[in-house]
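The structure appears right after this line, and notes come after that.
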Amino acid sequence: MSYTVETEVFQGPFDLLLHLILTEELELYDVSLSSIVDRYLVELDRMQHTDLNVATEFLLIAATLVELKARRLLPDDDAFDLDDELALFEERDLLLARLVECKTFKDAASVLRQHSEVARQTYPRVAGVEEAFMHAAPDMLEGIDTQDLKSAFIRAKTPRPEPVLDLYHLSAVTASVDDAVRELVEELPGAGLVRFRDITASLVDRIEIVVRFLALLELFKQGLVDVTQARAFGDIELVWIGGNPEEALHALAIDRYDG
Amino acid sequence: MTQHTTDNDNSAEFSHDLRAAVEAVVMVSEHPVDVRLLAQLVETSVETVEMVCAGLAAEYAQQGRGFQLVRVAGGYRFQSHPDQAAYVERFVIEGQSSRLSAAALETLAIVAYKQPISRAQIAAIRGVSVDAVVRTLTHRGYIEEVSRDPGPGQAVMYGTSRLFLEKMGLDSVSDLPDLGDFVPDPTIVEALEQGLRFDASEVIDAQPAQDEDAPAAPVIDLRDSANSPSV
Amino acid sequence: MTQHTTDNDNSAEFSHDLRAAVEAVVMVSEHPVDVRLLAQLVETSVETVEMVCAGLAAEYAQQGRGFQLVRVAGGYRFQSHPDQAAYVERFVIEGQSSRLSAAALETLAIVAYKQPISRAQIAAIRGVSVDAVVRTLTHRGYIEEVSRDPGPGQAVMYGTSRLFLEKMGLDSVSDLPDLGDFVPDPTIVEALEQGLRFDASEVIDAQPAQDEDAPAAPVIDLRDSANSPSV
């Protein structure tokens with residue numbers, strides 16, 4: 001139950017991290033990643049009886065933190081992989097961006113709190129129209145019969161399941177740009193001039209087409225395909241100019257992040 | 001009231017009549033009376049209604065009345081004066097809602113500023129599953145389903161309700177301060193940045209190298225744009 | 001806050017405070033407030049309350065307000081001034097919706113089939129707060145307070161009114177169409193199980209369930225009791 005976690009001190013991984021960085025470590029330049037990581041892990045350990053969803057979120061952040069910490073502890077190494085290094089930077093920046101966003105809404109919530117506290121001091125008048133005037137009121141039951149009542153009752157009693165599909169777990173949208181790039185790298189070399197229409201003909205969902213388009217843009221940006229469109233809304237034509245697909249794939253190093 | 005007037009200039013008596021009509025209508029309404037409806041009923045312009053209501057509100061305040069005339073959710077309503085809360089509290093038992101938790105308020109803030117928004121999007125900002133909080137807020141009528149995401153999955157999109165405005169004493173969501181006002185100031189961002197820094201020197205050194213050596217970085221832009229906070 | 005009453009004996013400050021307290025309580029009350037209750041709430045004698053109310057009523061009249069403070073059925077209430085009746089009537093005719101919303105119809109149906117039933121129980125079935133809808137139905141005279149729950153809190157129990165029966169052309173509520181053959185079909189049962197899983201997390205946020213829901217559809221009642229609202 002995620003609720004139990006929320007009633008404990010922290011309402012999420014960002015909340016915890018914000019707390020550790022901002023409230024616990026007030027000295028700006030003394031902030032130690034090391035101690036933040038340690039304390040984060042302690043907190044994580046403390047919340048052992050939480051549901052998997054929540055724990056996963058916390059773990060994801062913990063993993064990133066540990067990686068950052070490990071990187072700091074390791075001596076400078078000539079053999080380090082630049083791509084990994086950059087990926088780590090990205091993770092960190094993303095984490096930072098999300099912390100900033102989290103903080104933003106935390107502060108925005110304080111305004112709502114003020115509003116609601118003020119509003120709680122007042123009570124609206126709800127008495128309504130005096131009986132004397134009710135004769136003039138339109139008959140709201142006009143045209144409603146007992147069968148309508150019965151079906152309204154059944155409707156009210158029929159549970160409305162909330163949609164189970166939660167897009168949160170469906171990071172396929174971001175992840176599959178990667179897949180789409182790979183697919184294109186397999187399909188395009190040697191295929192000559194192809195139309196975008198053709199390489200998306202078999203796709204059902206619009207989102208798949210969008211993802212393919214994003215992948216195409218990516219390849220274009222990398223100089224691996226040449227793209228032309230003769231006129232607005234006309235066919236997009238593409239041709240592979242990237243040479244050896246193996247090398248191209250290697251150079252692409254698409255990132256995956258499912259947060 | 002006996003005095004009626006046919007004066008068409010803004011004589012005191014003319015507005016006096018209007019005032020009484022506005023008072024009567026607002027008094028018998030269960031909900032805030034929409035200003036346009038109010039104007040229509042008392043046969044005047046929205047501007048005049050606004051003016052009359054502002055005048056009445058000021059009068060009540062000046063006379064130290066135990067009630068107020070306030071503008072909420074696009075309309076006017078009578079409500080008890082906050083100074084009398086202690087007396088009213090003893091009296092009103094039902095309809096008193098319990099305080100919202102911090103989690104609920106933060107979620108409410110996200111919905112208020114980002115509506116329409118899906119649960120998944122709220123969860124992405126909060127970093128935790130928000131199903132329970134969203135259900136509580138829906139249950140209490142603060143947020144409601146406003147649309148469906150046309151994309152795959154047709155996620156339910158939430159927005160704040162009229163009741164939310166009434167409970168917050170807001171006229172409209174746009175009365176909330178600009179979200180930009182809450183973006184943490186540079187010292188805080190710096191503190192956060194500092195907290196996550198893994199090697200200060202490396203940060204600086206690595207930057208230029210990145211451009212010539214590794215064209216890989218820009219690839220990540222795609223992902224960033226999907227995830228970056230649009231504050 | 002400078003205006004003082006013309007009452008001579010009581011200290012002006014004291015009665016000023018009382019006036020505002022009385023105004024506030026009467027303003028938010030749905031029904032006339034019994035003088036004894038009013039006296040108790042504002043911590044004074046019945047005589048003083050009567051005096052304060054008479055003073056307020058005179059003030060409103062003298063200021064030409066669109067409302068009055070009147071004594072009705074042993075209590076005080078605000079109501080619109082007769083001179084403004086035309087506007088109020090217009091508001092009743094034009095200012096309110098003339099058709100029952102889907103939410104209101106469902107609520108009415110629940111009251112009809114499950115009476116006597118409390119607001120909390122209706123909310124449990126509908127999954128959202130029903131205060132406003134119940135108020136509307138009460139005002140229209142379709143449902144009414146029929147008893148009080150003997151349990152703690154003494155919740156108001158609602159039932160349908162005589163007017164409702166007349167409008168529906170029924171002799172008694174037992175003439176409503178039978179629900180006996182109402183069995184949820186398999187997909188609903190499946191959805192229900194889903195719902196139960198969802199509800200598990202909500203129990204925390206719920207108040208102790210009232211479990212006297214009718215046994216008509218036992219499967220569904222499980223959900224109801226888990227869902228008890230915090231209105």
Side-chain angles (χ1 to χ4, degrees), chain B residues 1-3 16-31 33-34 37-38 40-43 56 59-68 78-81 83-88 90-98 101 131-133 135-136 138-142 144 163, chain C residues 1-3 16-17 19-29 33 37-38 40-43 59 63-67 78-81 83-88 90-92 94-96 119 123 127-132 135-136 139 153 155-156 198-199 201-202 204-206 227 229-231:
Chain B
M1 292 320 316
T2 47
Q3 67 272 58
H16 192 266
D17 223 13
L18 263 188
R19 279 170 47 222
V22 165
E23 283 181 323
V25 171
V26 176
M27 188 60 82
V28 301
S29 178
E30 292 168 40
H31 309 285
V33 190
D34 188 275
L37 174 64
L38 202 45
Q40 183 194 320
L41 292 174
V42 303
E43 291 168 348
L56 286 171
E59 254 178 62
Y60 302 150
Q62 186 256 317
Q63 296 178 357
R65 300 254 166 249
F67 52 81
Q68 304 175 308
F78 279 110
Q79 65 182 30
S80 60
H81 193 287
D83 288 352
Q84 309 304 326
Y87 299 107
V88 179
R90 297 180 197 168
F91 179 64
V92 182
I93 303 145
E94 289 186 278
Q96 257 200 109
S97 39
S98 52
S101 67
D131 291 359
V133 187
R135 206 164 33 242
T136 303
T138 313
H139 202 123
R140 290 178 64 163
Y142 287 174
E144 57 196 11
L163 185 70
Chain C
M1 291 286 185
T2 47
Q3 171 154 348
H16 188 269
D17 229 7
R19 279 171 50 224
V22 166
E23 282 181 324
V25 171
V26 177
M27 183 59 78
V28 303
S29 175
V33 191
L37 176 59
L38 199 47
Q40 197 187 317
L41 287 171
V42 303
E43 293 166 347
E59 253 178 65
Q63 294 179 358
R65 301 253 165 247
F67 52 80
F78 279 107
Q79 63 181 35
S80 58
H81 193 286
D83 284 354
Q84 309 303 326
Y87 295 108
V88 173
R90 199 185 276 183
F91 170 74
V92 171
E94 298 171 23
Q96 297 172 301
R119 269 198 280 206
V128 289
S129 160
V130 294
D131 291 5
R135 207 180 297 126
T136 303
H139 278 155
V156 174
F198 274 119
D199 282 342
S201 60
E202 188 142 341
I204 290 173
D205 160 64
N227 225 343
S230 41
V231 277

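Please read all numbers here as calculations on a predicted model, not as lab measurements.
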**Q.** Pick from C/A24, C/A86, C/S80 with the largest number of heavy-atom pairs that fall under 4.5 Å of chain B
**A.** C/A24
Q. Where do C/Y87 and B/V42 come nearest, in terms of heavy atoms and distance?
A. CE2-CA, 3.8 Å
Q) Any idea which heavy atoms bring B/T138 and C/V128 closest together, and the distance? A) O-CG1, 3.7 Å
Q. Side chains of B/Q84 and C/E23: does their closest heavy-atom pair fall under 4.5 Å?
A. no
Q.
Contact between B/R65 and C/R19 at the side-chain level, heavy atoms closer than 4.5 Å - yes or no?
A. yes
Q: Carefully, step by step, assess B/Q79 and C/V28 under the rule side chain to side chain contact (heavy atoms under 4.5 Å, CB included).
A: CA-CA 7 Å; B/Q79 65 182 30; C/V28 303; over 6 Å; no
Q | Segment of C/V33 engaging chain B (4.5 angstrom heavy-atom cut-off) | A | side chain
Q. Among B/L37, B/V22, B/L56, who wins on heavy-atom pairs under 4.5 Å with chain C?
A. B/L37
(Q) Under 6.0 Å between ring centres: does that hold for B/F67 and C/F78? (A) yes
Q | Residues forming a side chain to side chain contact (heavy atoms under 4.5 Å, CB included) with B/E144, sequence neighbours excluded | A | B/V146, B/S161
**Q.** Side chain to side chain, B/R90 and C/E43, heavy atoms closer than 4.5 Å
**A.** yes
Q) Who pairs with C/A85 by side chain to side chain contact (heavy atoms under 4.5 Å, CB included), at least two apart in sequence or on another chain? A) A/F133
**Q.** Portion of B/Q68 that has a non-hydrogen atom of chain C nearer than 4.5 angstrom
**A.** neither
